[in-house]
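Encoded as structure tokens, here's the structure I'll be asking about.
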Protein chains: 2
Amino acid sequence: MEHRIDRIKKQLHAQSYKLTPQREATVRVLLEREEDHLSAEDVYLLVKEKAPEIGLATVYRTLELLSELKIVDKINFGDGVSRYDLRKEGAKHSHHHLVCSECGAVEEIEEDLLEEVEKIVQNEWGFQVKDHRLTFHGVCKQCQAVTVSASS
Amino acid sequence: MEHRIDRIKKQLHAQSYKLTPQREATVRVLLEREEDHLSAEDVYLLVKEKAPEIGLATVYRTLELLSELKIVDKINFGDGVSRYDLRKEGAKHSHHHLVCSECGAVEEIEEDLLEEVEKIVQNEWGFQVKDHRLTFHGVCKQCQAVTVSASS
DNA sequence: ATTATATTTATAATAATTATAAGATAAGAT
DNA sequence: ATCTTATCTTATAATTATTATAAATATAAT
């Protein structure tokens with residue numbers, strides 16, 4: 001974890017941003033909850049446990065900054081809130097998501113499944129792809145199992 | 001156009017919803033501006049031209065309803081606003097979008113490019129896909145041309 | 001240590017969306 | 001055609017998410 005904090009510190013410095021304690025606390029929360037998809041409010045509450053004096057606006061600004069630097073992706077699942085998703089080190093693209101409409105769980109797919117599709121978009125539409133957002137909505141494995149056993 | 005209004009009327013009635021003049025006016029706006037990706041506010045302003053007494057909350061409620069009935073897709077390009085996108089008649093999936101980060105233009109891809117990817121998700125992740133959201137961010141044909149000529 | 005710049009805090013403002021209650025209306029039943 | 005009733009709309013207010021502002025503070029390089 002210290003390693004990744006250090007890398008992020010360098011990324012900030014490269015653009016002459018500072019790694020303040022507030023920013024560091026925010027990044028630590030994101031690293032600890034890497035699997036989750038926290039809203040700004042969620043992050044704020046968790047950061048407060050480490051640094052109680054932090055303000056919500058600071059969290060927003062920090063997340064915005066991390067988002068500009070492509071350290072996190074700002075994503076949106078259609079509930080009215082933005083969520084923030086840490087990228088894997090060196091990942092070029094936002095990863096894919098599976099949202100279960102039964103239980104609300106969100107799974108991640110790290111693997112890039114869009115390489116072929118992107119080629120088509122580049123060649124047939126002449127659109128130069130820089131990044132993508134892909135979310136599937138449906139029923140997760142667990143909920144399928146529940147439905148089957150409930151109906152039998 | 002009358003044909004599609006009629007079909008939508010039937011879809012509403014099937015769930016015992018009424019086609020009020022306000023709802024009809026809203027649907028007409030969506031049909032007329034099928035290529036666009038209007039926000040609730042945009043729709044409101046356009047509907048007001050036909051039905052000046054309509055309230056913004058009614059437009060929101062109507063769009064929400066159309067969204068439940070899968071007549072429109074509520075989409076989100078990461079600016080703080082929800083946008084509403086009419087589905088083609090009988091389309092099973094939300095269509096794909098190309099968002100240009102230079103000029104902000106949004107193109108649509110009607111063709112479903114995700115069939116293969118969905119099979120992989122079903123088989124390898126055991127996730128039963130019902131719908132998807134796919135957006136590419138990048139540079140559109142026009143803006144690529146501009147950049148090239150500007151730099152030469 | 002000093003300094004210039006970036007940053008945070010606290011507060012207020014804005015923007016998007018949703019809730020509420022009272023009156024109005026669509027559409028099937030009479 | 002009128003009646004009836006559940007569905008809708010209006011007008012207004014409330015909520016929620018997010019961003020702006022200005023004064024005070026802290027960072028990191030010299």
Side-chain angles (χ1 to χ4, degrees), chain A residues 5-6 8-29 37-48 50-69 71-84, chain B residues 5-6 8-29 37-48 50-69 71-84:
Chain A
I5 301 246
D6 238 56
I8 289 170
K9 185 172 185 174
K10 277 179 192 134
Q11 281 181 269
L12 286 168
H13 285 177
Q15 316 259 347
S16 68
Y17 292 116
K18 296 166 183 174
L19 183 66
T20 64
Q22 291 91 338
R23 284 177 183 168
E24 187 176 330
T26 305
V27 170
R28 278 180 194 279
V29 163
H37 301 84
L38 304 170
S39 67
E41 186 84 28
D42 295 337
V43 174
Y44 170 63
L45 293 173
L46 290 166
V47 174
K48 263 185 109 82
K50 293 182 198 297
E53 73 298 343
I54 200 171
L56 179 55
T58 300
V59 172
Y60 269 103
R61 269 188 310 255
T62 301
L63 292 171
E64 197 56 42
L65 176 60
L66 294 173
S67 180
E68 267 172 40
L69 298 181
I71 293 166
V72 305
D73 289 305
K74 188 175 179 178
I75 55 179
N76 201 298
F77 294 137
D79 52 352
V81 222
S82 295
R83 297 178 178 279
Y84 298 87
Chain B
I5 301 246
D6 239 53
I8 289 170
K9 184 171 186 174
K10 278 178 191 135
Q11 283 180 266
L12 286 168
H13 284 175
Q15 318 258 345
S16 67
Y17 291 116
K18 297 168 180 174
L19 183 67
T20 64
Q22 292 90 338
R23 285 178 181 167
E24 187 174 330
T26 305
V27 170
R28 280 182 192 279
V29 163
H37 302 85
L38 304 170
S39 67
E41 185 83 29
D42 295 337
V43 174
Y44 171 63
L45 293 172
L46 290 165
V47 174
K48 263 185 106 85
K50 293 180 196 300
E53 73 297 345
I54 200 170
L56 178 55
T58 300
V59 171
Y60 269 103
R61 270 187 310 256
T62 301
L63 292 171
E64 198 55 42
L65 176 60
L66 295 173
S67 180
E68 267 171 41
L69 298 180
I71 294 166
V72 305
D73 289 304
K74 188 174 177 177
I75 54 180
N76 200 301
F77 293 137
D79 54 350
V81 222
S82 295
R83 297 178 178 280
Y84 298 86

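Below, all heavy atoms of this structure are taken into account, side chains as well, without hydrogens, waters or symmetry copies. Each chain gets a letter, A, B and so on, in the order the sequences are listed, and its residues count up from 1.
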Rounded off to whole Å, could you give me the CG-to-C1' distance for the B:Leu65 and C:dA26 pair?
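Answer to the nearest Å: 15 Å.
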Measuring from A:Leu46:CG to A:Arg28:CZ, what's the distance to the nearest 0.5 Å?
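Atom-to-atom, A:Leu46:CG and A:Arg28:CZ are 14.5 Å apart.
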Give the intermediate values and the outcome of side-chain contact (heavy atoms from CB on, under 4.5 Å) for residues A:Leu38 and A:Arg83.
CA-CA 5 Å; A:Leu38 304 170; A:Arg83 297 178 178 279; 5.8 Å; no
Rounded to whole angstroms, how far apart are CG on A:Leu63 and P on C:dT8?
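Rounded to whole Å, this separation is 12 Å.
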Have a look at the helix from C:dA1-D:dT30 to C:dT30-D:dA1 and give the angle its two end axes make, five pairs each, rounded to 10 degrees.
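End-to-end axis angle: 40°.
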Both B:Lys9 and B:Glu64 contact DNA chain C. Which one's nearest nucleotide lies toward the 5' end?
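The residue whose closest nucleotide sits nearer the 5' end is B:Glu64.
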When you compare the side chain of B:Val81 with that of B:Asp42, does any pair of heavy atoms fall below 4.5 Å?
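Side-chain contact under 4.5 Å: no.
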First and last nucleotide of DNA chain D in contact with chain A, 5' to 3', at under 4.0 Å to a heavy atom: what are they?
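Contact span on the strand: D:dA17 to D:dA28.
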Here's a test of your reading of the structure: between B:Ser39 and B:Leu19, which maps to the more 5' nucleotide of DNA chain C?
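With B:Ser39 and B:Leu19 compared, the 5'-side residue is B:Ser39.
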Please classify the nucleic acid contact of B:Glu41 as base, sugar-phosphate, or nothing, using heavy-atom distances under 4.0 Å.
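Nothing, no heavy atom under 4.0 Å.
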Close side-chain approach of B:Leu56 to B:Glu41, heavy-atom, < 4.5 Å:
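Of all side-chain heavy-atom pairs linking B:Glu41 with B:Leu56, at least one is under 4.5 Å.
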How many Å lie between CG on B:Asp6 and C1' on C:dA27, as a whole number?
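So the two atoms are 15 Å apart, to the nearest Å.
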Can you list the residues that meet the salt bridge (Lys or Arg N to Asp or Glu O under 4.0 Å) rule with A:Arg61, with sequence neighbours excluded?
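Expected list: none.
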Counting only side-chain nitrogens and oxygens, does A:Arg23 get under 4.0 Å of the OP1 or OP2 atom of C:dT7?
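Affirmative; the distance criterion is met.
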Provide the closest heavy-atom pair for A:Tyr84 versus A:Ser39 in the form atom of the first, atom of the second, distance.
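Shortest heavy-atom contact: CD1-C, 4.4 Å.
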In whole angstroms, how far is the C1' atom of C:dT5 from the CD atom of A:Gln15?
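Taking atom C1' of C:dT5 as the reference, CD of A:Gln15 is at 16 Å.
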Please evaluate residues A:Glu64 and A:Lys74 with respect to the criterion salt bridge (Lys or Arg N to Asp or Glu O under 4.0 Å), reporting the C-alpha separation (whole Å), side-chain torsions for both, the decisive distance (0.1 Å), and the verdict.
CA-CA 8 Å; A:Glu64 197 56 42; A:Lys74 188 175 179 178; 3.3 Å; yes
Whole-Å gap separating P (C:dT3) and NZ (A:Lys18):
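It is 16 Å, rounded to the nearest whole Å.
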Is there a side-chain contact between B:Thr62 and B:Val47 in this structure, where contact means two heavy atoms from C-beta onward sitting under 4.5 Å apart?
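B:Thr62 vs B:Val47: side chains apart.
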A:Tyr17 versus A:Glu68: any side-chain heavy-atom pair under 4.5 Å?
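Yes, side chains in contact.
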Pick base, sugar-phosphate or nothing for B:Thr58, based on heavy-atom distances below 4.0 Å to the nucleic acid.
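Contact class for B:Thr58: base.
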